[in-house]
Amino acid sequence: MKKTCTDKGNISRTFTRRGFLSTGLKAGAAAFTTGLLPNLRAETAGRYNVLFIMADDLRPLLGCYGHTEMHTPNIDALANRGTLFNRAYCQFPVCNPSRSSILTGLRPDTIGVHDNNTYFRNILPNAVTLPQHFKVHGYHTQSIGKIAHGLASLFDQLSWSVPIWRKWSTPPHTKTIPSWSALDVADHELRDGQTADKAIEVLEVLAEFPNTPFFLAVGFYKPHLPYNVPRRYYDLYDSVTFNIHTDSMTPKGAPRIARTIWNEIKNYHDFPIGVTSISDEKILEFTRAYAASTSYIDVLVGRVLQQLDTLGLAETTIIVLVGDHGYHLGEHGTWSKNTLFEVALRAPLIISVPGQQSNRTDALIELVDIYPTLCDACRLPIPSQLEGVSLSPVIEQPTRPWKAAAFSQLKRGNINGASIRTEQYRYTEWGTDSRHGRELYDYHADPNETENIANFPENKELVAQLSEQLQLGWQAALPDVSKPIPTPQVLPWDINNDGIVDLQDLVLISNNFGAEIPDNPKVDVNKDGSVDIIDLLIVAAHLGESTNMATPPTHTNILPIHLNLLDKRLTEAHLMNDGSDVFKQGIEKLEDLLNVVVPEKTTLLPNYPNPFNPETWIPYDLAQDTNVNIDIYNLKGEIIRKLDIGFQVAGTYRTQSRAAYWDGQNAVGERVASGVYLYTLQAGKFNSTRRMVILK
């Protein structure tokens, strides 16, 4: 079979499947002339492949990072089979410097890249990139979509075995278009959808060469502005609010240089002209557009990962998913990146190594660590010039002591900003000898950076210590891997002592309700002599806590019997709710757990409360993504109200925050009379009807 690789701006090439790899590998060997590494073809049998996925402007606004309002089931599932790095920081919160740092394993000052125009090879021509290192050690390396930044990077023959594939389009002038659009198009009609299609096609070819390991990089443009994605992703967020702290004010006492006002989004014609701050409603509008773009990318990531599984490559492939930096969504009156605040520097990072235990870690890590980590995991030599450190010890033991600080920097004109993030603080200096200002934020006392405390007299000694730590640099903050790993402590609400508080602990408690002699004495959590809903809610309030930071099961390992049990106990908790913190926190956690279940079949459930006055919620389960509509009839068969829910992802919609809501009114806004009514769920090919009783 012949394939033709054509694209605007790229060289067209016709190749056979077998020639696809052999030609690329031969060309790569001939092109490698830097002299920094031996031109060798090491034995590659048994080595891991690498699937490296990068999304532009993606911040940790994801379900797996605790944002249950987000629809990101595929990235969440990846987190459940790998290591989620909760505190990963970029080295420069701008696209080109950050990507260049990731790809070279060197820091921005070393490669001389501080803006979006400088090509690192013009400054450091002998730098050996991450894919280049893999290429010279016998890997087929290929780039699809946006990985490196800038036009010059498209011709980096040293790094890639075959020409870079990137879908080009001429960007319109931003003043002529809005910042977001809900488009009536299919996923594959947009640039990122075509990138996913190409990645799927390439994986199919690569699977035919099991003895040639590959390094495949797939880069998505979204959720970068403008937020133009298919309408169905906007439908997911019609009435969603977001668990983020947006404050139009710069932190009190922060130097003026710290802030960039509204950045990129102010260039679009739907941004209010001449304003320095905008309404909460407008921020919510923009945030929903960003969330829709994130969900679009999540679906495309899922398609690529599904292809990896379908082809049987998942068991031999390391998967990396990373954002190139953080992103403001209105925090401190700023949009986009280009600041040294926490939200601009903290990026999502998930690394999944075949056979590893799923976990998450709060260790301070830097994106410059990705390069040595992949070398280590694939048993390649780690180049001595790299300025990061392998994260393999953290993947193996997430709670082990690690870096004392993560280092980031930014440049505003001729003024340099340097920042460190420690476990508790962020400390930043602007200019030589801090002549343009200092910043200090204590995240234990002020997690949203509302006030700069660097100039408080009581913090003089602390500022001096952090300044010294900043000046000593990243080398002084490296971990001491010789330190002993702390012995895990047993949690009282980890009923089965497996190191994590999860669904299994809830099941053990539920199965012992009312038992005179419980199977496990720990199920009586509050030691009151009985096992009841209080014990269940206490444990539920601690779901996810762990002695090894392991991630609790979400989409997997929840059987239908557990789903019904969870629903039953949640109903009991609502009925007995006395307003105490135990009930409040426990119910919230149980609902969060219920909301991430993907059921085996689509089901329409009884409405609640029933009988009702004057409103009701209609719960249902969806086994697959689909459009959802609910029609309400009287006994004459007349439709009295239509609830157009729209596109919904697979999951349970049983809780009050997710079930379909009906206010008890007909289509013209009149309260319906008491009596028997019918309601029908239409979800794809599924159609089911139930009855409800209204008593006033």
Side-chain angles (χ1 to χ4, degrees), residues 63 68-69 71-74 76-77 232 235-236 238-240 299 302 503 506-507 510-511 536 540 553-575 587-612 615-635 637 639-664 676-694:
T68 56
E69 70 272 28
H71 295 269
T72 54
N74 297 295
D76 298 346
R232 59 184 166 279
D235 292 342
L236 297 173
D238 272 348
S239 58
V240 173
V299 168
L503 176 68
L506 298 179
V507 171
S510 182
N511 289 342
L536 187 80
T554 54
H555 290 76
T556 58
N557 299 327
I558 300 183
L559 303 175
I561 187 175
H562 294 157
L563 173 60
N564 294 329
L565 179 65
L566 185 62
D567 197 17
K568 176 182 177 182
R569 298 310 182 197
L570 185 57
T571 300
E572 292 177 14
H574 276 295
L575 292 173
I587 288 173
E588 181 180 346
K589 286 285 189 175
L590 286 177
E591 288 186 341
D592 287 346
L593 183 59
L594 185 66
N595 288 344
V596 298
V597 176
V598 176
E600 291 185 340
K601 62 181 181 178
T602 298
T603 308
L604 179 61
L605 300 167
N607 69 306
Y608 64 89
N610 187 9
F612 83 98
E615 56 191 19
T616 189
W617 285 265
I618 299 174
Y620 52 92
D621 294 340
L622 293 180
Q624 61 186 11
D625 300 355
T626 186
N627 284 307
V628 173
N629 295 287
I630 294 177
D631 295 334
I632 300 171
Y633 298 80
N634 58 26
L635 289 180
I639 297 179
I640 61 172
R641 187 69 178 272
K642 283 181 157 300
L643 305 179
D644 294 324
I645 309 301
F647 181 79
Q648 299 273 42
V649 297
T652 60
Y653 293 83
R654 300 188 179 196
T655 61
Q656 185 168 312
S657 62
R658 287 166 61 89
Y661 169 70
W662 181 40
D663 58 9
V676 177
Y677 293 84
L678 305 174
Y679 57 99
T680 298
L681 173 71
Q682 299 165 15
K685 296 181 179 179
F686 178 85
N687 193 302
S688 180
T689 301
R690 299 187 71 106
R691 66 193 296 271
M692 70 170 76
V693 177
I694 295 178

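By convention here, the first residue in the shown sequence is residue 1.
N607 contributes atom CG, which lies 4.5 Å from atom CE of M692 (distance to the nearest 0.5 angstrom). Atom CG of D663 is separated from atom CD of E615 by 8.0 Å, given to the nearest 0.5 angstrom. One distance of note links CG of L643 with OG1 of T680; it measures 11.0 Å at 0.5 Å rounding. Between the CG atom in N634 and the CD1 atom in I632 there is a gap of 11.0 Å [rounded to 0.5 Å]. Between L536 atom CG and I587 atom CD1 the span is 10.5 Å, to the nearest 0.5 Å.
Listed here is the closest heavy atom pair of L236 and H71: O-NE2, 3.5 Å. Residue T603 comes nearest to F686 through the heavy atom pair CA-CZ, 4.1 Å, listed as atom of the first residue, atom of the second, then distance. When every heavy atom of I645 is checked against every heavy atom of N629, the shortest pair comes out as N-OD1, 4.4 Å.
Annotation: salt bridge (Lys or Arg N to Asp or Glu O under 4.0 Å) contacts of K642 (sequence neighbours excluded): D631.
Remark: side-chain polar atoms of T616 are paired, donor with acceptor, to backbone N or O of Y608 under 3.5 angstrom. Formation of a donor-acceptor pair under 3.5 Å by the R690 side chain with backbone atoms of L604 is found in this model. Side-chain atoms of T72 come within 3.5 Å of backbone N or O of G63 as a donor-acceptor pair. Remark: side-chain polar atoms of Y653 are not paired, donor with acceptor, to backbone N or O of I618 under 3.5 angstrom.
Of the residues listed (L622, T626, V628), the one engaging T602 in a side chain to side chain contact (heavy atoms under 4.5 Å, CB included) is L622, and it is the only one.
Taking the six-membered ring for Trp and thresholds of 30 and 60 degrees, Y677 and W662 have ring planes more than 60 degrees apart, a perpendicular arrangement.
With salt bridges taken as basic N to acidic carboxylate O contacts below 4.0 Å, one links R654 and D621.
Counting heavy atoms from C-beta on, the side chains of R658 and W617 never come closer than 4.5 Å. By the 4.5 Å heavy-atom criterion applied to side chains, Q648 and Y620 are counted as neighbours.
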